[in-house]
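Quick note on labels: first sequence line is chain A, next is B, and so on, each numbered from 1.
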Amino acid sequence: MSEIKKIKNLKEFSTSADRFEGANLLCPGCAHSIIVREILNATNDDLILGSSTGCLEVCTAVYPYTSWDNSWIHIGFENSSTAIAGAEAMHKAKKRKGTLISDRDPKFVAFGGDGSTYDIGFQWISGCFERGHDMMYVCLDNEVYANTGGQRSSATPIGSSTVTTPAGSHSYGEKKDKKDMLSIMAAHNAPYVAQVAPNKWKDMIKKIQTGFATEGPVYINAMSACTTEWKFDPADTIAVSDLATDSLVFPLYEIINGTELNITYRPKNIVPVKDYLGAQGRFKHLFKPENAHVLDEWQKRTDAKWDLLQRREEARV
Amino acid sequence: MADKIDLLDIEVWDGNMAASQAMRQAQIDVVAAYPITPSTPVVQNYSTFLANNQIDGEFVMVESEHAAMSGCVGASAAGGRVATATSSQGFALMCEVLYQASGMRLPIVMHVVNRALAAPLNVNGDHSDMYLGRDSGWIQADAFNAQEAYDLGLMAFKISEDHKVRLPMMIHQDGFMTSHTAQGVKTLSDDVAYNFIGEFKPMNAMLDLDRPATHGVQTEEDYHYEFKARQHHDLMTFAKAKTQEVFDEFETLTGRKYSMIQEYDMEGADIAIVCMGTSVETARLVATDMRTKGIKAGVIGIRIIRPWPFEEIKEALKDVKAVAALDRSSPNGALGMLYNELAGCLLQNAKPSILSNYVYGLGGRDLTKDNIKQVFTELKANADTGKLTTPTQQWISLNGEALNFF
Ligand SMILES: Cc1ncc(C[n+]2csc(CCOP(=O)(O)OP(=O)(O)O)c2C)c(N)n1
Ligand code: SF4
Ligand SMILES: [Mg+2]
């Protein structure tokens with residue numbers, strides 16, 4: 001197994017060999033790029049990467065340029081998982097036959113947005129995990145189809161105003177709550193699944209390194225604050241992300257072998273959910289008096305989920 | 001190391017087994033596949049080879065045909081030999097990725113065991129799936145029997161993987177009529193077959209870790225058109241030339257001759273049927289009968305559907321008075337694909353043949369010798385009178401009222 005890269009501090013981390021070029025077309029303040037750099041910088045191993053159609057893909061490989069200093073592939077919106085599984089199978093076959101071009105063992109990582117992961121590419125990911133490919137799948141979860149202008153996905157949370165669930169005189173926006181992808185992936189008996197947030201970089205690096213050290217399919221759900229669709233100032237990406245993790249809207253935890261749940265971050269001061277919602281334009285309408293019940297509902301659901309996580313951690317189920 | 005199989009000089013194989021054995025002999029690195037009638041036995045045969053240590057590669061049993069082609073694309077871009085098989089609904093489900101495979105210039109080989117497309121659901125052979133793939137940028141070859149499925153199954157790797165070509169290739173065979181009908185197939189030994197195909201030579205491989213490659217880029221109005229033009233150019237020129245070259249090499253090795261179009265009894269022919277699949281063999285029998293009666297009838301089987309053999313067809317039909325294009329796919333609102341493609345060829349001949357269109361065999365409806373005799377009879381009338389004596393499009397063997405157009 002490859003050696004785990006030692007990372008002492010943020011300065012060293014942010015300046016370690018960059019394999020994802022800053023020369024890309026993502027919006028200033030886009031968390032996708034922060035997440036990708038954190039993942040790539042977490043290891044010294046060679047990487048074979050894939051991206052599904054979405055912001056990350058369209059912004060990083062516009063011919064004749066590429067932002068990727070590792071091998072990278074994009075096929076379609078739903079199948080980065082299977083593209084990477086195919087590459088992993090090829091590596092295995094060539095290794096067995098002794099026909100590898102390079103004698104090092106790379107890591108295989110597929111990226112997809114929440115649309116690609118929770119919706120259209122769900123079956124492909126499920127197939128890859130059931131078959132047990134040695135790969136990591138990372139969902140860049142910005143809770144919306146950002147690349148195509150902000151339509152809802154099944155990761156869009158209740159009350160969010162999107163262009164397909166707009167808030168209006170008779171609607172407070174999205175009516176349903178997001179799908180619990182982490183539990184679904186854990187239920188595949190995946191050896192390791194985790195939720196990460198780029199603002200909690202130490203926690204994130206640890207999980208990514210655990211993922212790389214794990215044999216078999218690893219699922220990472222990465223919260224990705226989207227300045228354009230969440231509607232906040234590009235300078236505030238980390239501040240909004242902090243509100244998300246400190247309000248427990250995005251709790252940070254991992255599940256090992258399908259059952260061993262560990263909460264990996266417990267905020268010292270839990271902030272009210274409405275502080276998180278209030279920082280983003282997509283929830284602005286919830287602060288009208290007629291939508292007060294949605295704010296209450298938000299806090300209630302967040303508390304209930306946190307409670308459930310704590311009970312699962314204790315019960316190891 | 002995989003164990004070899006000592007094949008008899010002639011094995012009794014159906015088309016699916018012929019395709020499976022060609023895949024085994026090519027020592028494929030990755031097969032990603034999903035079962036569907038009538039190509040399921042290819043997937044099953046391959047599983048049996050795996051269970052008996054007769055293949056070294058990886059067999060990824062995916063959860064759908066879309067995933068099968070997605071896995072093939074990822075594996076091929078990683079840099080190795082890749083193949084799969086499918087039919088009908090599975091083919092339709094893969095469609096999105098077919099275009100991506102060819103656009104990304106990945107040499108994937110696929111056996112397509114042709115079957116009707118629903119609705120209504122039907123498991124039998126016709127060419128609807130083959131026609132669905134015709135603008136997808138793949139090289140398309142058609143096998144009329146199990147022997148040809150085997151031979152083309154070996155040759156496909158050599159054509160597709162050539163560095164100037166780098167385009168995926170389909171080998172078609174008729175569902176059931178070919179895929180499930182056992183016949184004598186002349187074989188090559190494992191060593192001779194593999195040496196003929198040769199080792200896979202990677203290009204822009206993702207697994208070449210010191211020379212990383214980006215696959216599947218974004219282009220807009222600035223470069224997209226040029227990408228497509230280059231692909232079309234390479235299909236029309238390099239793929240065609242390489243196909244002929246490989247056909248010639250194969251003939252030297254085996255004595256079995258292949259060409260872009262297969263002509264039977266075409267010498268001095270006044271009338272000709274142009275068709276594909278097993279119908280070619282039925283039509284040949286009838287043409288021979290016709291010849292004994294002094295009627296100069298011939299048959300052209302389309303071996304390479306893409307790149308379309310425009311010049312070859314033009315030349316082969318230049319002195320033919322009346323020609324029938326037999327389409328085994330519903331044109332759904334037009335004249336058949338073969339009719340239209342042939343019309344384009346004929347238009348450039350000094351004396352264009354009188355062309356008519358017959359739709360037949362949808363969903364496995366038989367095409368009998370009598371049906372073909374009828375077509376030849378009608379062609380003869382066209383040739384004798386110098387004009388079309390039937391409607392332009394007729395549906396053969398349709399129960400109930402006759403269906404004709406134009
Ligand atoms: C088969 C298919 N359907 C629809 C699309 C259009 N499309 C491209 S990206 C996208 C949304 C991407 O959303 P997500 O996966 O969340 O990624 P993000 O852009 O938000 O990072 C959509 C709908 C497509 N490219 N392919
Ligand atoms: S729209 Fe959102 S996800 Fe897309 S590049 Fe901009 S900030 Fe990033
Ligand atoms: Mg998204």
Which atoms of [X] approach chain B - backbone, side chain, both or neither, heavy atom under 4.5 Å:
X       : result
A:Ala89 : both
A:Asp46 : side chain
A:Glu57 : side chain
A:Glu78 : side chain

Is chain A contacted by the side chain of [X], its backbone, both, or neither, given a heavy-atom distance below 4.5 Å?
X        : value
B:Met69  : neither
B:Glu220 : neither
B:His224 : neither
B:Phe227 : side chain
B:Ala67  : both

Max heavy-atom pair count under 4.5 Å with chain A, selected residue of [options]:
options                             : answer
B:Ala2, B:Gly103, B:Ser64, B:Gly71  : B:Gly71
B:Leu207, B:Thr219, B:Asp210        : B:Leu207
B:Val73, B:Leu209, B:Val30, B:Val97 : B:Leu209

If the plane angle is over 60° it's perpendicular, under 30° parallel, otherwise tilted; pick one for [X] and [Y].
X        : Y        : value
A:Tyr219 : A:Tyr137 : parallel
A:Phe20  : A:Trp68  : tilted
A:His74  : A:Trp72  : parallel

Out of [options], which one racks up the most heavy-atom pairs below 4.5 Å with chain B?
options                    : result
A:Thr66, A:Ile75, A:Thr53  : A:Ile75
A:Gly86, A:Ser71, A:Ser102 : A:Ser71
A:Ile73, A:Leu49, A:Val58  : A:Ile73

> Distance only, no hydrogens: is a donor on one side chain within 3.5 Å (strictly under) of an acceptor on the other, for B:Asp129 and B:Ser88?
Replying inline: no
>> Before you tell me yes or no, could you show the steps for A:Phe111 and A:His32 under side chain to side chain contact (heavy atoms under 4.5 Å, CB included), namely the whole-Å CA-CA distance, both residues' side-chain angles and the distance that decides it to 0.1 Å?
In response: CA-CA 10 Å; A:Phe111 292 100; A:His32 282 5; over 6 Å; no
>> Using a 6.0 Å distance limit plus a 45 degree cone around the ring axis, check whether A:Lys179 lies over the aromatic ring of A:Phe122.
In response: yes
> Does the pair A:Arg104 and A:Asp45 meet the rule for a salt bridge (Lys or Arg N to Asp or Glu O under 4.0 Å), with working shown?
Replying inline: CA-CA 9 Å; A:Arg104 306 187 297 275; A:Asp45 284 344; over 6 Å; no
Would you mind checking if [Y] and [X] are paired as a salt bridge, meaning a charged N to carboxylate O distance below 4.0 Å?
X        : Y        : result
B:Asp29  : A:Lys97  : yes
B:Asp234 : B:Arg230 : yes
A:Asp141 : A:Lys178 : yes

